[in-house]
S.K.: 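The following block contains the structure, expressed as structure tokens.
Proteins come first, then strands; the chains are lettered A, B, ... in the order of their sequence lines, and each starts at number 1.
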Amino acid sequence: MKARVTAKGDLCCYNNARGDGKVFSFDLLESVDGEIRVTCSNVVVDCFYGVIEVEKVYLISKGSLKPAQKNFNHLKNQWEIFLEANLIMEHCPNEDGSIARQQFSIRPISEIENVENDTILDAIRIVITVNPSVPIMRKNGMETQRRILNLKYSSGKSVELTLWGELCNKEGQLLQEMLDSGSYPVLAVKSGKVNDFSGKSIRTISSTQLFIIQIFRRHVD
DNA sequence: CCCCCCCC
């Protein structure tokens with residue numbers, strides 16, 4: 001397949017009953033078949049973890065298909081690819097415009113109120129407020145950052161989006177600067193999680209990605 | 001072939 005890397009996971013080293021190992025996953029987008037997660041381990045990690053870059057297009061052969069692990073993988077695909085040491089992977093230096101940078105599965109505007117808690121969804125909304133980042137002590141004693149935004153939901157309504165961790169810094173800071181300077185960014189949220197604390201809201205998880213896809217200037221009469 | 005998602 002020829003596909004673009006849309007996300008790259010962290011390198012995980014583990015030690016369990018079967019011994020030591022390392023593993024990492026990345027996500028691919030193909031122009032016809034859409035998105036799929038790829039996982040590889042050990043010697044394949046050594047060859048490719050440092051090489052694979054988000055947004056680049058690769059030709060990949062000889063991966064094996066297996067059912068998607070829906071607990072960890074929220075992509076719209078019932079399959080995953082596992083790459084073993086016999087894989088063939090090469091970078092396509094000619095950018096292929098037929099493959100998007102990311103794929104979003106947007107639900108109808110009225111739907112979020114009826115979406116079940118913990119659902120993973122995508123959303124494309126105008127950001128109408130951005131609160132400062134604040135430190136939060138997690139239940140495990142580790143400190144993290146939290147930043148609450150409001151996304152325009154329908155006329156007169158907004159839905160809260162809570163950013164956690166690193167997303168508060170680069171992306172959250174940029175969004176705050178845009179609002180402060182009189183712009184309304186349109187934010188695409190890939191893989192946000194629906195929360196049910198005093199009404200429905202959305203929060204980021206570690207696989208959430210944020211994209212600013214358009215910017216409106218504030219209207220002045 | 002690991003990770004199970006953070007605060008009120």
S.K.: Where along residues 140-149 of chain A does a heavy atom come under 4.0 Å from DNA chain B, residue by residue in number order?
M.R.: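 Nucleic-acid contacts, sorted: A:T144, A:R146.
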S.K.: With a non-hydrogen cut-off below 4.0 angstrom, is A:D10 in contact with a base, only sugar-phosphate, or nothing?
M.R.: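 No contact.
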S.K.: Give me each pair satisfying salt bridge (charged side-chain N to carboxylate O under 4.0 Å, His left out) with a member in residues 166-189 of chain A, each pair once, sequence neighbours excluded.
M.R.: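 Sorted pair list comes back empty.
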S.K.: Just jot down the ring-ring contact (aromatic ring centres under 6.0 Å, His included) partners of A:Y184, sequence neighbours excluded, or say none.
M.R.: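 A:Y184: no ring-ring contact (aromatic ring centres under 6.0 Å, His included) contacts found.
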S.K.: Applying ring-ring contact (aromatic ring centres under 6.0 Å, His included), name anything that partners A:F82, two or more places apart in sequence or on another chain.
M.R.: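 Not a single residue meets the ring-ring contact (aromatic ring centres under 6.0 Å, His included) criterion with A:F82.
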S.K.: Looking only at the side chain of A:N195 (C-beta and beyond, no hydrogens), which of the listed nucleotides B:dC1, B:dC5, B:dC7 gets closest?
M.R.: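 For the A:N195 side chain, the nearest candidate turns out to be B:dC7.
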S.K.: Who passes ring-ring contact (aromatic ring centres under 6.0 Å, His included) against A:F104, sequence neighbours left out?
M.R.: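 With neighbours one apart ignored, the set is A:F211.
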S.K.: Is there any ring-ring contact (aromatic ring centres under 6.0 Å, His included) pair reaching into residues 136-162 of chain A, and which pairs are they, with sequence neighbours excluded?
M.R.: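 As it turns out, there is no ring-ring contact (aromatic ring centres under 6.0 Å, His included) pair with a partner in residues 136-162 of chain A once direct neighbours are skipped.
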S.K.: Among the nucleotides B:dC2, B:dC8, B:dC7, which one has an atom lying closest to any side-chain atom of A:F197?
M.R.: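 Given the options B:dC2, B:dC8, B:dC7, the side chain of A:F197 is closest to B:dC8.
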S.K.: By side chain to side chain donor-acceptor pair (under 3.5 Å), which residues pair with A:K193, not counting sequence neighbours?
M.R.: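 Side chain to side chain donor-acceptor pair (under 3.5 Å) list for A:K193, sorted by chain: empty.
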S.K.: Using the salt bridge (charged side-chain N to carboxylate O under 4.0 Å, His left out) rule, collect all pairs that involve residues 24-34 of chain A, keeping only residues at least two apart or in two chains.
M.R.: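 Residue pairs with at least one partner in residues 24-34 of chain A: A:D27-A:R37.
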S.K.: Tell me which residues in residues 16-27 of chain A lie within less than 4.0 Å of DNA chain B, going by non-hydrogen atoms.
M.R.: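 Correct list: A:N16, A:R18, A:V23, A:S25.
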